[in-house]
Amino acid sequence: MNMKIKGTGSALPPKVLTNKDLEAMVETSDEWIRERTGIESRHISEKDTVASLATKACQKALENANQTAESVELIIVATCSPEMLLPCCACQVQKNLDARKAVCFDVNAACSGFLFGLQTAFAYLSAGFYRNALIVGSEVLSKIVDWEDRGTCILFGDGAGAVYVEACEETHFLSFVQGSDGSKGEVLSCNDRSLFGAQNLDRFVRMDGREVYKFATRQVPLCMEEALKKANLSVADVDFFVLHQANLRILEAISKRIGAEMKLFPYNVNRVGNMSSAAIPVLLDELNQKGVLLEGMKLVLSGFGAGLTYGACVVCW
Ligand code: ACO
């Protein structure tokens with residue numbers, strides 16, 4: 001058994017924070033942020049939660065697939081910024097959707113989380129355990145970002161993206177590659193143990209930007225090439241590279257390294273910033289809604305993030 005993406009959906013909180021707004025908050029400039037990251041604005045949640053954004057994205061994915069929540073058998077939420085430890089976000093989404101039949105759990109692989117969730121669903125569906133699934137990446141990173149740290153606060157945004165998949169006989173997912181390197185965990189971390197009563201702990205996201213940059217530009221091309229090889233395809237066969245949206249400079253470096261034109265790398269990081277696990281499914285939904293994705297197109301999805309973690313898959317749309 002294989003699986004097919006039958007519907008996509010996304011949700012962004014209404015409030016937009018521009019680089020100009022950030023100029024009033026930390027010592028930075030619109031020009032510096034654009035030049036180093038390509039980011040112009042991001043959406044910031046005022047009332048939305050990881051669970052509420054995930055619910056909205058799932059509702060839209062179900063609508064797009066002409067399905068109702070009652071038939072959903074599996075819900076996987078990828079998030080690294082859940083507002084509650086228990087119950088997991090996927091169970092909250094189940095309750096909101098009234099998807100009573102579904103088995104629900106979260107995965108945390110930071111910015112690779114959506115891809116890890118997708119591969120987990122693939123394993124369940126291809127083994128015949130379930131016939132369909134919702135996989136959603138949802139983040140409210142604005143709650144774990146230090147708004148006084150100009151090195152990180154300019155990068156992140158909030159949002160959620162979801163796909164609804166169904167088991168099928170035809171081969172739509174051609175290959176998956178995943179990897180983790182726990183020895184580099186300190187490069188990108190967030191140590192919020194305030195919940196456990198720890199005093200004076202730094203509870204915000206901290207990042208060694210240069211190390212993340214080096215990791216992403218080295219590892220992503222390697223794992224995309226490995227995924228293409230497994231699928232018996234080459235870079236020239238790919239219609240679009242739908243990558244984690246961390247930074248435009250990273251996308252440009254990757255496009256050069258693998259020898260594929262930048263026009264094959266759609267992006268929205270300029271409008272929405274880095275939404276971690278939500279980045280890939282939100283971009284996928286935007287492309288789907290615009291009608292850019294045609295049947296039979298070959299897509300490479302690839303992500304990288306804290307852990308460190310990385311992954312890629314090749315999909316025939
Ligand atoms: N505005 C103005 N100046 C700034 C800002 C800012 N927002 N942030 C840092 N600076 C200053 C620094 O203080 C430093 O000043 P100094 O030379 O006087 O010490 C100077 O700019 C250069 O700082 P660097 O951190 O070396 O800047 P760099 O060119 O590396 O760019 C960036 C920083 C954009 C974060 C880069 O390292 C990068 O793209 N890293 C990849 C990380 C990334 O995209 N992470 C996303 C999250 S992780 C993920 O999604 C997996």
Side-chain angles (χ1 to χ4, degrees), residues 17-42 78-81 107-116 137-142 144-159 161 178-182 184-190 204-221 223-224 242-257 265 267-270 272-283 301-312:
L17 188 74
T18 64
N19 292 351
K20 280 273 167 226
D21 297 329
L22 278 165
E23 284 180 0
M25 295 162 67
V26 285
E27 204 185 322
T28 191
S29 68
D30 175 43
E31 192 192 350
W32 193 97
I33 303 172
R34 277 174 201 258
E35 217 170 76
R36 306 283 175 127
T37 71
I39 300 169
E40 294 158 29
S41 60
R42 67 288 288 145
T79 183
C80 60
S81 55
V107 298
N108 176 357
C111 308
S112 314
F114 174 76
L115 282 183
F116 281 30
S138 184
E139 306 286 1
V140 178
L141 298 167
S142 58
I144 56 169
V145 159
D146 179 355
W147 290 100
E148 291 180 1
D149 174 10
R150 67 179 182 171
T152 53
C153 74
I154 56 153
L155 299 171
F156 299 103
D158 302 335
Q178 284 180 307
S180 307
D181 181 1
K184 304 247 172 58
E186 75 290 346
V187 167
L188 185 52
S189 62
C190 179
F204 298 117
V205 172
R206 298 297 172 205
M207 178 184 75
D208 182 338
R210 294 210 170 160
E211 281 304 313
V212 175
Y213 187 93
K214 279 195 270 176
F215 160 69
T217 51
R218 181 177 41 83
Q219 197 63 58
V220 173
C223 82
M224 292 200 304
V242 182
L243 265 51
H244 172 50
Q245 303 285 295
N247 177 326
L248 195 55
R249 270 172 56 206
I250 292 180
L251 296 181
E252 286 166 352
I254 292 170
S255 117
K256 264 200 201 120
R257 200 162 281 195
F265 289 72
Y267 63 86
N268 59 8
V269 66
N270 56 323
V272 298
N274 177 351
M275 300 186 295
S276 190
S277 69
I280 293 174
V282 169
L283 181 58
L301 315 186
S302 184
F304 58 94
L308 296 170
T309 57
Y310 53 91

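When a ligand or atom number is given, it counts from 1 through the structure's own listing order. Heads up: numbering here begins at 1 and tracks the sequence.
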Exercise for the section: Enumerate the atoms of ligand 1 whose separation from the nearest heavy atom of C111 is less than 4.0 angstrom. Expected result: 49 (C), 50 (O), 51 (C)
Exercise for the section: Please say whether more than 12 non-hydrogen atoms of neighbouring residues, nucleotides or ligands are located less than 6.0 Å from OH in Y267. Expected result: no
Practice task
Take every heavy atom of L188, measure it against each atom of ligand 1, and state whether any distance is under 4.0 Å.
Solution key: yes
Handout entry: Closest approach of any protein heavy atom to atom 27 (O) of ligand 1, naming residue and atom
Key = R36 NH1, 3.4 Å
Problem - Side-chain donor or acceptor of T217 paired with backbone N/O of A253 under 3.5 Å - result: no
Exercise for the section: Identify, by atom number and element, the atoms of ligand 1 in contact range of H244, meaning under 4.0 Å from any of its heavy atoms. Expected result: 49 (C), 50 (O)
Practice task
Please write down residue, atom name and distance for the protein heavy atom closest to atom 45 (N) of ligand 1.
Solution key: M207 SD, 3.2 Å
Fill in the blank from the handout: When distances are taken from atom 46 (C) of ligand 1, the protein heavy atom at minimum range is N274 ND2, 3.2 Å
Completion exercise
Heavy atoms of C80 and E139 approach each other most closely as N-OE1, 3.0 Å
Exercise for the section: Take atom 10 (N) of ligand 1 and look for protein heavy atoms under 4.0 Å from it; say yes if you find one, no if not. Expected result: yes
Exercise for the section: Report the residues that fulfil side-chain hydrogen bond (donor to acceptor under 3.5 Å, both in side chains) with R34, sequence neighbours left out, ordered by chain and then residue number. Expected result: D30
Practice task
Kindly indicate whether atom 16 (P) of ligand 1 is approached by any protein heavy atom to under 4.0 angstrom.
Solution key: no
Fill in the blank from the handout: Interatomic distance, CD1@I33 vs CG@N19, rounded to 0.5 Å, equals 4.0 Å
Problem - For atom 38 (C) of ligand 1, the protein heavy atom that lies nearest, with its residue and separation - result: N247 ND2, 3.6 Å
Exercise for the section: For S142, enumerate each residue passing the side-chain contact (heavy atoms from CB on, under 4.5 Å) test, keeping only those at least two apart in sequence or located in another chain. Expected result: I44, V140, W147, D158
Fill in the blank from the handout: Within 4.0 Å of some non-hydrogen atom of G305, the atoms of ligand 1 are 51 (C)
Exercise for the section: Provide the number and element of each atom of ligand 1 under 4.0 Å from a heavy atom of F156. Expected result: 47 (C)
Completion exercise
Note: ligand 1 atoms sitting under 4.0 Å from heavy atoms of A246 are 44 (O), 50 (O)
Problem - V282 versus N268, closest heavy-atom pair with distance - result: CG1-ND2, 3.9 Å
Handout entry: Min N/O separation T28 to ligand 1 under 3.5 Å
Key = yes
Fill in the blank from the handout: min-distance protein heavy atom vs atom 34 (C) of ligand 1 -> T37 CG2, 3.7 Å
Handout entry: Numbered atoms and elements of ligand 1 in range of R210, under 4.0 angstrom, heavy atoms
Key = 26 (O), 30 (O), 37 (O)
Practice task
With heavy atoms of F304 as the reference, note each atom of ligand 1 found under 4.0 Å away.
Solution key: 51 (C)
Handout entry: Closest approach of G311 to S302 (non-hydrogen atoms, all atoms of both residues)
Key = O-OG, 3.0 Å
Handout entry: Pair N270, R42: side-chain N/O donor-acceptor within cut-off below 3.5 Å
Key = no
Exercise for the section: Provide the closest heavy-atom pair for L141 versus S276 in the form atom of the first, atom of the second, distance. Expected result: CD1-CB, 3.8 Å
Problem - Of the listed options Y310, Y213, W32, closest to atom 4 (C) of ligand 1 (non-hydrogen atoms) - result: W32
Exercise for the section: Return a yes/no value: protein heavy atom under 4.0 Å from atom 25 (O) of ligand 1? Expected result: no
Practice task
Quick one: closest heavy-atom pair of G151 and M207, and the distance?
Solution key: O-CE, 4.0 Å
Problem - Heavy-atom protein contact below 4.0 Å for atom 20 (C) of ligand 1 - result: no
Problem - T79 side chain vs S81 backbone, donor-acceptor pair below 3.5 Å - result: yes
Problem - Contacting atoms of ligand 1, where contact means under 4.0 angstrom from a heavy atom of I154 - result: 7 (N)
Fill in the blank from the handout: The option among R150, E211, K214 carrying the non-hydrogen atom nearest to atom 3 (N) of ligand 1 is R150
Completion exercise
Heavy-atom proximity to atom 40 (N) of ligand 1 ranks first, among G209, A253, G307, for G209
Problem - atom 32 (C) of ligand 1 protein-contacted (non-hydrogen atom, under 4.0 angstrom) - result: no
Problem - Whether Q245 side chain and N274 backbone form a donor-acceptor pair below 3.5 Å - result: no
